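Predicted model, so just to flag it, every value in this text is computed and none were measured.
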Amino acid sequence: MGKKEEIAEIFYNIASILEIQNVQWKPAAYRKAARSLESLGEDIEDIYKEKGIKGLEEIPGIGERLAKKISEYIETGRIKEWEKLKKTLPSGFYEILKIPGMGVKKAYVLYKKLGIKNIKDLEKAVRSHKISKSGIFGFKEKTEENILQGLEFLKKTGKEERKLLSQVLPLAQQLREQILGIKGARKADIAGSLRRMKETIRDVDMLVCCEEKLISNIARLPVVGRVTAKGSTRASIVTKQGLQVDIRVVPEESYGSALQYFTGSKEHSIHLRKICIKKGLKLSEYGLFRGKKRIAGETEQEIYKALGLQYPEPELREDRGEIELAMKNKLPKILGYNEVLGDLHVHTNASDGNNTLQELAQYAKVLGRKYLAICDHGGEHLPITNALSVKELERQIKIIDKFNSKSEIFILKGAEVDILANGSLSLPDSILKKLDIVMASVHSGFKFPEEKMTFRVLKAMDNPYISVLGHPTGRIIHEREPYKINLEKIFEKARERQIALEINAFPNRLDLNDTNVKLALDHKCKFAIGTDSHVKEHLSYLVYGIAVARRGWATANDVLNAWPKEKLLKWLRR
DNA sequence: GCCGTTTTCGGCCCGACTGTTTTCAGTCG
């Protein structure tokens, strides 16, 4: 858990205590601040280090008071007010709140009436039916049963991390197809964070337009493992693969407003609703209303239009300034999923890949790619298996030239060279200058202190033959934190030296990530999307890199591989 | 406690489902 998650957890807990104390509004403010911290792209300590308290106050939902508390935590490792507040409740209390269905109110009643202080107490009380027998107002057998289910769920999934976008998207698309296959189902769409293509997903929101009675048929589909709730317009299911899906049945006339609402993000929707209130309108999942009259709702487009806003693509809806720009009709035209023509990071079996150049090229052609950059690892004595020596790379260059002379798909001659500890590269300039594209990446010394790491990468970027900085932060989702590096300095250098930043599309890398892409765009950097394929099937991961670019507000002009081959080669050969 | 093209004071998103007290509070998204 990083610093910002730690602070967010404290804020959530403070919100719980204030709610018990019946304090008005503050709990919501603390929760909003906590959510805001969790979704923060940058490192909270970096922000504080660079811009101080003022920088913290720029974070949405953080004002003067909370900024102070955050700085106190960063400086001293604790928040005095929290240390005082937390003594009012047993330390295990906050764990109980993580059980689905258990909120502050219920947990507090159980603590006060039955002395339940932690999850262990709770489980014991439930199993011995102490709660239902106690006669406490509002707690009977069904409540007990639900707590037990919640406990089981927490035990099973509590440690389970959010799933990768790539694991969820195909399953959700498959479920959507099955729903559309039910007789009488007119429309079905993925909403929620999955529609916004977030890098990780907790659960899926699915919208369906059909007769309400058909919800039972959906609950009986073969992919469905368990039904956890079912009403006339909503059902919650868990698929056999363990994916949580919330399904909502929506009438035709409010399909667009429902899609808008359930796509979120929550912050985007709340911001939108506030604008509505100012205009004397009301927006809900049932439509946009003036008084009782529905003035829009069938499509998302007509809702945004009625509010005087440009239509924002789902990937933009994070309340990161898109609403303000949409008001002024100044939203960027973000990169389209069909606009990327090639893949700029592919490995063959010459280094650590599994497929031959020919197999990769053929599969890329099937996927509609126009060009492909082969960037096998290069250099001797590397911590990377099978890196190519200068001789082997020279041989590969000849093979590619021969291949290109009689192939429809164009192969760029490239290499992924290693940035060594001192900032030098794993291959000499004499071979680099013979390549079309040189990607430089860090593959060792991930624990370097920030200054050493930044210096090392900056030094490597002074090499005249480097065209792309590979996976610039080194993070691997669920496995490895990004290494400490001053990205602002890297971005400045990248613009100065005209080096593109990779958006590595491999599903557990996605590096740069969305917020860093947006930051780099402020520095006017260019990007190269690459799948980092090691097997030909990986070539289809391109979509996840495009999603990151879109979420980072990049346009086709900002992304090298959205350019035609000639323009790309000209840029690379400057 | 945050926030500002009506406000530095006075607002703060909206609705479904659940269990239970059969009218509504709690929880969730």
Donor/acceptor link under 3.5 angstrom from A/Tyr108 side chain onto base of B/dG26 = no
Tell me, do A/Arg551 and A/Arg320 make a side-chain contact under 4.5 Å, heavy atoms counted?
-> yes
Interatomic distance, A/Gln21 CD vs B/dG1 C1' [rounded to whole Å] = 14 Å
With a non-hydrogen cut-off below 4.0 angstrom, is A/Gly63 in contact with a base, only sugar-phosphate, or nothing?
-> sugar-phosphate
Which of the following nucleotides, B/dG29, B/dC13, B/dG19, is nearest to the side chain of A/Ile277?
-> B/dC13
Ring-face cation of A/Arg317 near A/Tyr311 (centre distance under 6.0 Å, axis angle within 45°) | yes
Would you classify A/Pro27 as touching base, sugar-phosphate or nothing, given that sugar-phosphate means primed atoms plus P, OP1 and OP2, and contacts are heavy atoms under 4.0 Å?
-> nothing
Quick one: label A/Lys32 by what it contacts on the DNA or RNA (base, sugar-phosphate, nothing), any heavy atom closer than 4.0 Å.
-> nothing
Against the side chain of A/Ser284, the closest entry in B/dG26, B/dG29, B/dC14 is B/dC14
Is there side-chain contact between A/Val245 and A/Leu243, with at least one heavy-atom pair below 4.5 Å?
-> yes
Quick note, A/Arg234 side chain, CB onward, closest among B/dG19, B/dC17, B/dC14 is B/dC17
Take the protein atom CZ of A/Arg35 and the nucleotide atom P of B/dC28, then report the distance between them rounded to whole Å.
-> 13 Å
According to a strict under-4.0 Å criterion, is A/Lys140 in side-chain N/O contact with OP1 or OP2 of B/dG19?
-> no
Begin from the C-alpha positions of A/Lys230 and A/Ser216 and carry the test side chain to side chain donor-acceptor pair (under 3.5 Å) through to its verdict.
-> CA-CA 8 Å; A/Lys230 188 160 77 71; A/Ser216 297; 3.2 Å; yes
State whether the aromatic ring of A/Trp25 stacks on the base of B/dC2, taking stacking to mean ring centres under 5.5 Å apart and ring planes under 30° to each other.
-> no
Compute both the distance and the angle, then confirm whether A/Lys117 meets the cation-pi test with A/Phe93: under 6.0 Å from the six-membered ring centre, within 45 degrees of the axis.
-> no
Base, sugar-phosphate, or nothing: which does A/Tyr30 touch, judged by heavy atoms less than 4.0 Å apart?
-> sugar-phosphate
Side chain of A/Lys266 - closest among B/dG15, B/dG29, B/dC2 = B/dG29
Phosphate OP1/OP2 of B/dT18: any A/Asn146 side-chain N/O under 4.0 Å | no
On a whole-Å scale, what distance lies between the P atoms belonging to B/dT6 and B/dG1?
-> 28 Å
Whole-Å gap separating P (B/dG15) and CD1 (A/Ile270) | 14 Å
Give the nucleotide from the list B/dG29, B/dG1, B/dG19 with an atom nearest to the side chain of A/Leu66.
-> B/dG1
Rounded to whole angstroms, how far apart are NE2 on A/His271 and P on B/dC12?
-> 15 Å
Mate of B/dT8 across any strand shown (Watson-Crick or G-U wobble, both atom pairs under 3.5 Å) is none
Could you work out which one of B/dG19, B/dC13, B/dC17 sits closest to the side chain of A/Thr233?
-> B/dC17
Whole-angstrom distance between B/dG26 and B/dT21, as gauged at atom P = 14 Å
With the side chain defined as heavy atoms from C-beta on, A/Tyr261 is closest, among B/dG29, B/dG26, B/dA16, to B/dG29
To the nearest angstrom, the CZ-P distance between A/Phe289 and B/dC14 comes to 12 Å
Give a yes/no answer on whether the side chain of A/Lys274 brings an N or O atom under 4.0 Å of OP1 or OP2 in B/dG11.
-> no
Contact class for A/Leu272 vs. all strands (heavy atom < 4.0 Å): base, sugar-phosphate, or nothing?
-> nothing
Rounded distance (Å) that lies between atom P of B/dC3 and atom CD of A/Glu57 = 9 Å
Counting side-chain heavy atoms from CB outward, which of B/dA16, B/dC14, B/dG1 is closest to A/Glu81?
-> B/dG1
Are A/Tyr30 and A/Tyr12 close enough, and set up right, to give a ring-ring contact (aromatic ring centres under 6.0 Å, His included), and what steps lead you there?
-> CA-CA 6 Å; A/Tyr30 272 96; A/Tyr12 279 127; over 10 Å; no
P spacing across the pair B/dT23 / B/dC28, given as an integer number of angstrom = 26 Å
Tell me, with the steps shown, if A/Glu50 and A/Glu488 meet side chain to side chain contact (heavy atoms under 4.5 Å, CB included).
-> CA-CA 11 Å; A/Glu50 278 158 37; A/Glu488 300 245 6; 4.2 Å; yes
In whole Å, what separates the C1' atom of B/dT7 from that of B/dC2?
-> 14 Å
Rounded to the nearest angstrom, tell me the gap between atom CD in A/Glu145 and atom P in B/dT18.
-> 14 Å
If the C1' atom of B/dT20 is compared with that of B/dA25, how far apart are they to the nearest Å?
-> 10 Å
When you check the phosphate oxygens OP1 and OP2 of B/dG1, does a side-chain N or O of A/Lys69 lie under 4.0 Å from one of them?
-> yes
Is the A/Tyr94 to A/Trp82 ring centre distance short of 6.0 Å?
-> yes
Nearest-nucleotide pick for A/Tyr286, side chain only, options being B/dC14, B/dC2, B/dA16 | B/dA16
Upstream residue (5' side of DNA chain B) when A/Glu144 and A/Pro100 are each assigned their closest nucleotide | A/Glu144
Measure from the side chain of A/Phe137, starting at C-beta and using heavy atoms only, and say which of B/dG1, B/dG26, B/dT21 lies closest.
-> B/dT21
Return yes when atom CZ of A/Arg31 has more than 12 non-hydrogen atoms of other residues, nucleotides or ligands closer than 6.0 Å, and no otherwise.
-> yes
Assign A/Lys106 to base, sugar-phosphate, or nothing according to its heavy-atom contacts below 4.0 angstrom with the strands shown.
-> sugar-phosphate
Identify whether any heavy atom of A/Lys279 sits under 4.0 Å from a base atom; if not, whether one sits that close to sugar-phosphate; answer base, sugar-phosphate or nothing.
-> nothing
Please report, rounded to the nearest Å, how far the P atom of B/dC17 is from the CD atom of A/Gln149.
-> 18 Å
So what does A/Ser269 touch, heavy atoms closer than 4.0 Å: a base, only the sugar-phosphate, or nothing?
-> nothing
B/dC13 versus B/dC3 - spacing of their C1' atoms, nearest Å = 15 Å
Contact under 4.0 Å: A/Thr143 side-chain N or O vs B/dT20 OP1/OP2 | yes
The answer to which of A/Ile62 and A/Glu19 contacts DNA chain B further toward the 5' end, by nearest nucleotide, is A/Ile62
